[in-house]
**Q** 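My structure is below; once you've seen it, I'll send some questions.
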Number of protein chains: 2
Amino acid sequence: MYPFLRQYLNSITSSVISDEEFQHIEEAFAPKIMKKRQFLLHEGTICRYMAFIVKGAMRQYAIDEKGNEHVVRFGVEGWWMSDRESLRMSKPTKYNIEALEDCDLLIATNEQLNGVKEKSPLFFKMAHILDERHSTAAQHRIEASMNYTAEEKLKDLIENYPGFLQRFPQNMLASYLGISPETFSRVRKNI
Amino acid sequence: MYPFLRQYLNSITSSVISDEEFQHIEEAFAPKIMKKRQFLLHEGTICRYMAFIVKGAMRQYAIDEKGNEHVVRFGVEGWWMSDRESLRMSKPTKYNIEALEDCDLLIATNEQLNGVKEKSPLFFKMAHILDERHSTAAQHRIEASMNYTAEEKLKDLIENYPGFLQRFPQNMLASYLGISPETFSRVRKNI
DNA sequence: ACCTTCACTTGATATAGATCAAGTGAATTT
DNA sequence: AAATTCACTTGATCTATATCAAGTGAAGGT
């Protein structure tokens, strides 16, 4: 569990964290195992944890008034899952986070998270870098969803996240891209 | 110029900044006046400044392969304009930032920005809060652009940014929402 | 081993919104 | 003041993609 997080942290920050500093991180994060189909977060509740995926895959989705699911994001090894707004502000979330495979997670509460950020400069740096990445990824997604055709969206997905196509069901990928499963299937043939 | 930034900072952080602390901010930011149609940032160049709008309005847009403009965001009094990725990483931007009205700005380079963040805890806090807001706004925009009809997009714009409708030309607003100017015009009649 | 569900495909039809095109009035330029 | 450009509207078509519907094979449950 922890060695993977450690290596991840080193890689993101281009540094080598000391044993002492990493100790703080180990103390803050607790391991959690989730079975496929279990939920880390339910709509209407308050998000309590930031989760780092050591093994497995998850998805975050919302349900609209008509009962349709909208996949907001996927997570695999080395990704973080949470509703940060709900976590930070302690307000009810509109999202569900579900394990799509059996998962090994490392989880921390908001308080623990703030604690590590204070105690570990490298963890703090990592958080910043992730914020930046998250923000540019969001910008890209906005532009893709507005300007790309269905085919371009799929190509973009394959390019940016190869592996997703084999790992996740097409109806979920279609939802993530904002196209219908049928269009997804048809467009897929032409590639 | 500066008093507006000061008041803005107090309001965002729910605090009252001291004269000494605000001094650091004044030192970091330089006033800049821009005439309508002038550019703060050109595609292909490296973004040098983070700009705070004291007066006026701007837009940030990209141009695709077909030569079509895509408005990414607008800015008015109390908003920040920049391409943060380009600013932070010193990499060429794909965006243009143009003054849509005569503007009064306060600008700082990346180094100056980092300097103030170190020297002023409140400024640092503000930056964090803005990051959070930016991130939830981006999430909302993704969901809106994927799931909303043209009419819902317009209603959402009116609700979230009243004033934009009077202040910006419809073709730019349409581009921002990812719909055609004609659809914008038609949908507008029905509200 | 059988039944049921589910993921995906394929075809037919419907539709929101894009594109094309023409016209109007206001604003800007000469 | 005339000419030109520009922002917007309105109408007519076109098109990408959604929706509806039926079928297939594989996977999972009993």
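Every chain is numbered from 1, with letters handed out A, B, ... down the list of sequences. All heavy atoms count here, side chains included; hydrogens, waters and symmetry mates do not.
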**Q** Go through the structure and list residues passing ring-ring contact (aromatic ring centres under 6.0 Å, His included) with A/Phe184, not counting sequence neighbours.
**A** none
**Q** Check the distance between D/dG25's P and A/Gln170's CD and give it to me in whole angstrom.
**A** 17 Å
**Q** Looking at residues at least two apart in the chain, or sitting in another chain, which of them share a ring-ring contact (aromatic ring centres under 6.0 Å, His included) with A/His42?
**A** A/Phe39
**Q** Which is the 5'-most and which the 3'-most nucleotide of DNA chain C that has an atom under 4.0 Å from a heavy atom of chain A?
**A** C/dC8 to C/dA12
**Q** Would you call the rings of B/Phe52 and B/Phe4 parallel, tilted or perpendicular, where under 30° means parallel and over 60° means perpendicular?
**A** tilted
**Q** Supply the members, apart from A/Leu40, of the Ile/Leu/Val/Met/Phe/Trp/Tyr cluster built from side-chain contacts under 4.5 Å; use none for a lone residue.
**A** A/Met34, A/Leu41, A/Tyr49, A/Ile53, A/Met58, A/Met81, A/Ile97, A/Leu105, A/Ile107
**Q** Parallel under 30°, tilted from 30 to 60°, perpendicular over 60°: which one fits the rings of B/Tyr176 and B/Tyr161?
**A** perpendicular
**Q** Round to a whole Å and report the spacing from CG of A/Leu154 to P of D/dA16.
**A** 17 Å
**Q** Dump every N/O contact between nucleotides 17-19 of chain D and the protein below 3.5 Å, one line per pair.
**A**
| unit_1 | atom_1 | unit_2 | atom_2 | d |
| --- | --- | --- | --- | --- |
| D/dT17 | OP1 | A/Ala150 | N | 2.8 |
| D/dA18 | OP1 | A/Ser180 | N | 3.2 |
| D/dA18 | OP2 | A/Ser180 | N | 3.2 |
| D/dA18 | OP2 | A/Ser180 | OG | 3.0 |
| D/dA18 | OP2 | A/Thr183 | OG1 | 2.5 |
| D/dT19 | O4 | A/Arg186 | NH2 | 3.0 |

**Q** According to a hydrophobic-cluster definition based on side-chain heavy atoms being under 4.5 Å apart (Ile, Leu, Val, Met, Phe, Trp, Tyr only), do B/Val116 and B/Trp80 belong together?
**A** yes
**Q** Please enumerate all residues that pass side-chain hydrogen bond (donor to acceptor under 3.5 Å, both in side chains) together with B/Arg167, with sequence neighbours excluded.
**A** B/Glu77, B/Glu101
**Q** Does B/Asp19 pair with B/Arg6 as a salt bridge, N-O distance under 4.0 Å?
**A** yes
